[in-house]
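Counting convention: from 1, in listed order, for ligands and their atoms alike. Since the structure is predicted, the reported quantities are computational estimates derived from the model, not experimental observations.
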Amino acid sequence: MNKRILVTGGAGLVGSHLSAKLLEQGHCVVCMDNLSTGSMHNVAALLAHPDFSLLRQDVTTDIMLEVDAIYNLACPASPVHYQADPIATLKTSVIGAANVLELARLRHNIPVLQASTSEVYGDPHVHPQPESYWGNVNPIGPRACYDEGKRGAETLFFDYGRQYGLPIKVVRIFNTYGPHMHPADGRVVANFIVQALSGGDITIYGDGTQTRSFCYVDDLVDGLIAMMNSAPDVIGPINLGNPGEFTIRQLAEIVLELTNSGSRIVHRPLPVDDPRQRLPDIRKAHELGLGAADPVARRSDAHHCLFRDDAFKT
Ligand SMILES: NC(=O)c1ccc[n+]([C@@H]2O[C@H](COP(=O)([O-])OP(=O)(O)OC[C@H]3O[C@@H](n4cnc5c(N)ncnc54)[C@H](O)[C@@H]3O)[C@@H](O)[C@H]2O)c1
């Protein structure tokens with residue numbers, strides 16, 4: 001059945017692709033965004049669609065909408081952006097979550113999905129990270145506004161689930177990249193590509209042995225939709241990401257090779273609380289048959305598609 005679906009943060013990297021996919025599936029999409037890190041450009045192609053509407057609103061303000069389901073994505077995802085105004089980031093996560101949950105409750109318990117993050121694991125002592133791991137987060141460090149904000153949002157989701165029987169879904173997203181990434185995103189994929197294409201130095205923070213995994217945005221979107229459509233008893237949290245692991249040094253070398261760039265690799269000190277390792281344990285997603293869980297068969301095979309032609313259109 002076609003639904004009217006609210007996507008908060010719908011003008012960002014993930015939200016714009018999710019909105020496009022939901023429209024493709026015949027749903028109506030209401031995109032709510034304050035355009036702080038997202039842009040009109042990301043949704044320009046959707047604006048002409050009769051079933052798409054853009055609402056310029058901050059998720060921390062009261063939401064009154066007639067919708068049948070909610071994806072809550074509103075929140076800056078890159079450290080550069082979420083640390084620029086840490087108080088706003090924390091409020092966006094926690095008050096934003098409270099607002100979408102209240103809307104879901106007032107709409108007679110419609111399903112609501114929270115875009116949580118691998119950052120809830122902090123600098124993990126367990127590798128790879130299963131959902132059962134409670135994490136290692138510094139609650140007062142510069143990343144805490146995001147990590148603790150997302151943890152607080154998860155808590156609210158589970159409390160609304162227990163207290164009101166709200167059909168909640170929580171996914172923990174690992175590094176995702178693709179078209180509509182902001183060139184000044186500040187995270188490693190954007191940094192390296194911009195640096196290589198402009199011929200500037202490629203900056204590695206630390207010695208480059210720290211690891212990350214990278215998921216192509218379309219795979220993540222498939223996972224989000226599969227999670228939303230999963231059985232009512234599947235509430236999560238569920239890790240979504242690509243289990244292929246790279247060292248940052250390897251990533252820099254691949255970027256140099258594929259862009260044929262003459263850029264040099266230079267090293268800078270690691271930022272405070274930067275995690276050494278980040279790798280999803282996606283066995284749960286596999287068991288549930290969620291889309292993003294099989295990167296080999298899909299698009300997140302990093303060597304194959306990290307640098308697809310369209311991977312970095314802004
Ligand atoms: N991209 C990733 O690697 C990644 C990893 C883990 C989690 N996530 C989560 O997925 C979601 C989407 O991430 P993204 O990569 O698309 O980030 P993004 O920055 O591209 O998109 C976030 C969107 O939310 C909007 N927004 C921010 N604060 C808002 C507010 N107070 N009210 C309304 N809109 C607001 C922004 O303008 C932007 O359009 C975020 O919640 C993020 O925490 C993303």
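Nearest non-hydrogen protein atom to atom 12 (C) of ligand 1 is Leu73 O, 3.6 Å. The nearest heavy-atom contact from the protein to atom 37 (O) of ligand 1 is Asp33 OD1, 2.6 Å. The protein heavy atom nearest to atom 26 (N) of ligand 1 is Asn34 OD1, 3.4 Å. Regarding atom 20 (O) of ligand 1, its nearest protein heavy-atom neighbour is Leu13 N, 2.9 Å. Closest to atom 6 (C) of ligand 1, if we only count protein heavy atoms, is Ile173 O, 3.1 Å. For atom 44 (C) of ligand 1, the closest heavy atom belonging to the protein is Ala77 CB, 3.8 Å. Atom 18 (P) of ligand 1 has as its closest protein heavy atom Thr37 OG1, 3.7 Å. Protein heavy atom in closest approach to atom 2 (C) of ligand 1: Arg187 NH1, 3.3 Å.
At a 4.0 Å cut-off, not a single heavy atom of Gly96 sits close enough to ligand 1 to count as contact. Taking a 4.0 Å cut-off on heavy atoms, His180 fails to register as neighbouring ligand 1. Ligand 1 has at least one atom lying under 4.0 Å from a heavy atom of Tyr146.
Among Gly178, Ser93, Cys75, Gly38, the residue whose heavy atom sits closest to atom 22 (C) of ligand 1 is Cys75. Between Asp58, Leu240, Asp185, Thr89, it is Asp58 that holds the heavy atom closest to atom 31 (N) of ligand 1.
The distance criterion of under 3.5 Å between nitrogen or oxygen atoms is not met by Asn72 with respect to ligand 1. Polar contact check, Met32 against ligand 1: no nitrogen or oxygen pair lies under 3.5 Å apart. In terms of polar-atom proximity, Pro76 is not counted as a contact of ligand 1, lacking any N or O under 3.5 Å from an N or O of the ligand. Where the criterion is an N or O separation shorter than 3.5 Å, residue side chain and backbone included, Thr176 meets it with respect to ligand 1. When only interatomic distances are considered, the shortest N/O to N/O separation between Val59 and ligand 1 falls below 3.5 Å. The N/O atoms of Lys150, backbone and side chain alike, include one that comes under 3.5 Å of an N/O atom in ligand 1. Remark: ligand 1 and Val14 share an N or O pair separated by less than 3.5 Å (distance only, no angle test).
Arg143 and Glu119 are joined by a salt bridge, as a carboxylate oxygen and a charged side-chain nitrogen come within less than 4.0 angstrom of each other. Using a cut-off of 4.0 Å between Lys/Arg side-chain N and Asp/Glu carboxylate O, Arg151 and Glu148 are scored as salt-bridged. A salt bridge links Arg264 with Asp201; the closest basic N to acidic carboxylate O contact falls under 4.0 Å. Checked for salt-bridge contact, Lys284 and Glu287 miss the test: no charged N lies under 4.0 Å from a carboxylate O.
Not a single donor-acceptor pair under 3.5 Å links the side chain of Asn2 to the backbone N or O of His27. A donor-acceptor pair under 3.5 Å is formed between the side chain of Asn239 and the backbone N or O of Gln129. Under a 3.5 Å cut-off, the side chain of Asn242 and the backbone N or O of Phe214 do form a donor-acceptor pair.
Every atom of ligand 1 is numbered from 1 in the order shown, and the set under 4.0 Å from a heavy atom of Ser36 is 26 (N), 27 (C), 28 (N), 36 (C), 37 (O). The Asn175 neighbourhood of ligand 1 comprises atoms 3 (O), with distances under 4.0 Å to a heavy atom of that residue.
Leu290 pairs with exactly one of Val234, Leu240, Asp222, Ile225 by the side chain to side chain contact (heavy atoms under 4.5 Å, CB included) rule, that one being Leu240. Just one of Lys3, Met32, Arg4 meets the side chain to side chain contact (heavy atoms under 4.5 Å, CB included) condition when paired with Val67; it is Arg4.
Annotation: the span from Asp33 atom CG to Arg56 atom CZ amounts to 8.5 Å, rounded to 0.5 Å. Residue Arg187 holds its CZ atom at 8.0 Å from OG1 of Thr176, rounded to the nearest 0.5 Å. Residue Ile173 holds its CD1 atom at 12.5 Å from CD1 of Ile238, rounded to the nearest 0.5 Å. A distance of 9.5 Å separates OG1 in Thr92 from NZ in Lys150, rounded to the nearest 0.5 Å.
Proximity of Ser116 to ligand 1, defined as any heavy-atom pair under 4.0 Å, is confined to the backbone N, CA, C and O atoms. Of all the heavy atoms of His182, none lies under 4.0 Å from any atom of ligand 1, so neither backbone nor side chain is involved. Counting heavy atoms under 4.0 Å from ligand 1, residue Leu35 touches it through the backbone alone.
Every salt bridge (Lys or Arg N to Asp or Glu O under 4.0 Å) that Arg283 has, sequence neighbours left out, goes to Asp281.
Applying the side-chain hydrogen bond (donor to acceptor under 3.5 Å, both in side chains) definition to pairs two or more places apart or across chains, none involves residues 76-87.
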